[in-house]
Amino acid sequence: MRKVFRMENLDCANCAAKMETAIGKLDGVISANISFMTQKLTLEAAEEDFPRILKAAQKCVRKVEPDCKILVK
């Protein structure tokens, strides 16, 4: 299943690329794409894995940019 999440305080295109690479390597992630221009993360994974993957993805994001957040509704 593919889901799109808004990102808050994403300030650097290079940082977005680093985050995308790190999130793409997480167990259970089929694909990950971060668009710096639209400030969105597109994540593809099994529906039941999303809670775990989002928690791990947030850790990846914070390592690169401590003020950046993945906004989950």
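As a basis for the values below, the full set of heavy atoms in this structure was taken, side chains included, without hydrogen atoms, waters or symmetry mates.
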Point to revise | Over 12 non-hydrogen atoms of neighbours within 6.0 angstrom of CZ in Arg52 | key: yes
Review point. side-chain hydrogen bond (donor to acceptor under 3.5 Å, both in side chains): which pairs involve residues 8-31, sequence neighbours left out?
Key: Ser31-Glu44
Practice item. May I ask you to test the Ile23-Ile34 pair for a side-chain heavy-atom distance under 4.5 Å? Key: yes
Review point. Looking only at atom types and distance, does a side-chain atom of Gln39 sit under 3.5 Å from a main-chain N or O of Phe36, one as donor and one as acceptor?
Key: yes
Review point. Side chains of Val61 and Met7: does their closest heavy-atom pair fall under 4.5 Å?
Key: yes
Review point. Which heavy atom of Met1 sits nearest a heavy atom of Phe50, and at what distance?
Key: O-CZ, 3.4 Å
Point to revise | Cluster check Val29, Val72: I/L/V/M/F/W/Y, side chain < 4.5 angstrom | key: yes
Practice item. Consider only side-chain heavy atoms of I, L, V, M, F, W and Y, link residues closer than 4.5 Å, and tell whether Leu71 and Leu54 are in one cluster. Key: no
**Study point:** Non-hydrogen atoms of Glu65 and Cys12 that approach each other most closely
**Key:** OE2-N, 3.5 Å
Review point. Which pair of heavy atoms, one from Ile53 and one from Ala45, lies closest together, and at what distance?
Key: CD1-CB, 3.5 Å
Check your understanding: What closest approach, in Å, do Gln58 and Lys69 show between heavy atoms, and which atom pair accounts for it?
Key -> NE2-CA, 3.5 Å
Practice item. Apply side chain to side chain contact (heavy atoms under 4.5 Å, CB included) to Met19 and Leu10, showing your working. Key: CA-CA 10 Å; Met19 291 174 197; Leu10 180 60; 3.7 Å; yes
